[in-house]
Amino acid sequence: MENQHIAVVTGAFGGIGSSIVKALVKQDYFVVAVASERRTHADYDHWLNAIQVDPIQVRPLFLDVTNTELCHHAMETLLQEFGSIDLLVNNAGITRDTSFKKMTHSQWSEVINTNLNSLFNMTHPVFSAMCANQYGRIINISSVNGQKGQFGQTNYSAAKAGMIGFTKALAYEGARSGVTVNSIAPGYTETPMVSAMREDVLDSIKAQVPMQRLATPDEVAAAVVYLASDNAGYITGETLSLNGGLYMQ
Ligand code: CAA
């Protein structure tokens, strides 16, 4: 593990998260795969088997990313063990889609806590260490719906747009210390989250995508690999859109 880059990826067991872990392992990262505290070691074994990566390159961390204290403690422990964390991918996210008129406060706050407040919880404990180390990469997985808005997603769009603001502001703070902070804004991607949508609604969205297809999780993971690479060392505060032309800024 000596000289190996260390990455922490949240939402690791999800559709996009799994592809990100796989792609980073291919780049020889050691990956701490953060999954919800509701997951079990049996889920981990099942996932590992499904994504077919060398278990020596990965370790699970079952953690509630909405819990500030637990996240601080977990990240501090990792920093003590590894000395540094080179890459943090804030990918954990949920949906609670419903029109705003029908939305409950708990549907609002569950999404804001998981998708946006988790960025504070996960990033705050590692950012100072990255700056002191004069190297770090932080990549936040936002969404096209944080850029353009979406009927039924006031909570999700607010959180995903917030991630972009966070990215730009933190990029200023990391710039002189070799820490880049970027977002990726995927469009509709072939994941369980998108498969859970009503078929007629998904069909109508697909029809609006100029490329007439969904993104693949591997396409999103390739963007993570690029932004994490030395080739992207001069890119910071950027949001890389990956949406088949659904929204062009
Ligand atoms: N624009 C304007 N009006 C709309 C609309 C739209 N896009 N969609 C629905 N409406 C209207 C309907 O016409 C209907 O009007 P009437 O009452 O006058 O008939 C009203 O709103 C209610 O529509 P629904 O029957 O669809 O309402 P619902 O409560 O059954 O469903 C919903 C609401 C669950 C939000 C559903 O519309 C939906 O699934 N929307 C898509 C949400 C979405 O895109 N989610 C993405 C999930 S994946 C993800 O988030 C990953 C990512 O980053 C891309």
Side-chain angles (χ1 to χ4, degrees), residues 9-21 23 34-36 65-66 89-119 122 138-168 181-224 226-227 238-249:
V9 178
T10 69
F13 290 11
I16 291 177
S18 299
S19 282
I20 293 172
V21 172
V34 181
S36 155
V65 294
T66 70
V89 185
N90 287 309
N91 168 66
I94 58 167
T95 53
R96 296 288 180 267
D97 294 355
T98 184
S99 61
F100 188 62
K101 280 184 196 163
K102 292 188 209 157
M103 189 173 287
T104 61
H105 184 259
S106 86
Q107 288 170 321
W108 171 266
S109 49
E110 278 174 50
V111 170
I112 299 294
N113 285 338
T114 306
N115 299 14
L116 182 59
N117 291 338
S118 63
L119 265 64
M122 293 301 293
I138 297 166
I139 301 174
N140 302 314
I141 308 301
S142 178
S143 163
V144 64
N145 290 346
Q147 298 171 302
K148 74 165 194 55
Q150 170 61 37
F151 186 99
Q153 287 201 308
T154 47
N155 46 6
Y156 186 87
S157 296
K160 293 294 185 180
M163 292 174 86
I164 293 174
F166 172 87
T167 296
K168 290 178 183 174
V181 189
N182 291 290
S183 293
I184 295 170
Y188 287 75
T189 307
E190 287 167 11
T191 60
M193 182 188 272
V194 168
S195 311
M197 290 176 64
R198 236 171 59 193
E199 208 179 329
D200 59 321
V201 177
L202 183 56
D203 284 347
S204 83
I205 284 169
K206 254 193 248 172
Q208 293 164 40
V209 180
M211 288 191 188
Q212 300 276 291
R213 69 168 178 89
L214 303 178
T216 68
D218 287 348
E219 287 171 326
V220 181
V224 171
Y226 171 63
L227 288 174
E238 189 53 70
T239 297
L240 179 54
S241 295
L242 215 145
N243 61 36
L246 179 60
Y247 184 69
M248 305 181 196
Q249 284 186 311

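Every number for a ligand or one of its atoms is a count from 1 in the order of the listing. The residues of the chain are indexed from 1 along the displayed sequence.
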Is the number of heavy atoms from other residues, nucleotides or ligands under 6.0 Å of Glu199 CD greater than 12?
-> no
Within a reach of under 6.0 Å around NZ of Lys168, are more than 12 heavy atoms found that belong to other residues, nucleotides or ligands?
-> no
When you measure from the side chain of [X] to the backbone of [Y], do you find a donor-acceptor pair of N or O atoms at a distance under 3.5 Å?
{"X": "Asn91", "Y": "Gly11", "value": "yes"}
{"X": "Asn155", "Y": "Ile112", "value": "no"}
{"X": "Thr95", "Y": "Asp97", "value": "no"}
{"X": "Ser19", "Y": "Ile16", "value": "no"}

Before giving the answer on side chain to side chain contact (heavy atoms under 4.5 Å, CB included), spell out for Asn140 and Val181 the whole-Å C-alpha distance, their side-chain angles and the decisive distance to 0.1 Å.
-> CA-CA 8 Å; Asn140 302 314; Val181 189; 4.0 Å; yes
Distance to 0.1 Å, residue and atom name: give those for the protein heavy atom nearest to [atom].
{"atom": "atom 24 (P) of ligand 1", "answer": "Arg198 NH1, 4.1 Å"}
{"atom": "atom 36 (C) of ligand 1", "answer": "Val201 CG2, 4.4 Å"}
{"atom": "atom 42 (C) of ligand 1", "answer": "Asp97 OD2, 3.4 Å"}

Within a distance under 4.0 Å of any heavy atom of [X], pick out the atoms of ligand 1 and give their elements.
{"X": "Val194", "value": "48 (S)"}
{"X": "Gly152", "value": "35 (C)"}
{"X": "Ile205", "value": "44 (O)"}
{"X": "Thr95", "value": "50 (O)"}
{"X": "Met193", "value": "49 (C), 51 (C)"}

Selection from [options] by shortest heavy-atom distance to [atom]:
{"atom": "atom 22 (C) of ligand 1", "options": "Tyr156, Tyr188, Phe151", "value": "Phe151"}
{"atom": "atom 53 (O) of ligand 1", "options": "Pro186, Ser143, Ser195", "value": "Ser143"}
{"atom": "atom 54 (C) of ligand 1", "options": "Thr98, Asn145, Ile141", "value": "Asn145"}
{"atom": "atom 50 (O) of ligand 1", "options": "Gln208, Gln150, Gln153", "value": "Gln153"}

Polar-atom distance check: Ser99 versus ligand 1, any N or O pair below 3.5 Å?
-> no
Looking just at side-chain N and O atoms, do Ser142 and Ser183 make a donor-acceptor pair shorter than 3.5 Å?
-> no
Distance, nearest 0.5 Å, that separates CG of Leu240 from CD1 of Ile141 | 9.5 Å
Thr191, portion touching ligand 1 at heavy-atom distance under 4.0 Å = neither
Mark the output for Lys102 as yes if a heavy-atom distance to ligand 1 is under 4.0 Å, and as no if none is.
-> yes
Per-atom contact, [atom], protein heavy atoms, under 4.0 angstrom:
{"atom": "atom 19 (O) of ligand 1", "answer": "no"}
{"atom": "atom 14 (C) of ligand 1", "answer": "no"}
{"atom": "atom 40 (N) of ligand 1", "answer": "yes"}

Could you walk me through whether Thr239 and Gln249 pass the side chain to side chain contact (heavy atoms under 4.5 Å, CB included) test, one step at a time?
-> CA-CA 11 Å; Thr239 297; Gln249 284 186 311; 5.6 Å; no
Would you please test Lys206 and Leu202 for side chain to side chain contact (heavy atoms under 4.5 Å, CB included) and show each step?
-> CA-CA 6 Å; Lys206 254 193 248 172; Leu202 183 56; 4.2 Å; yes
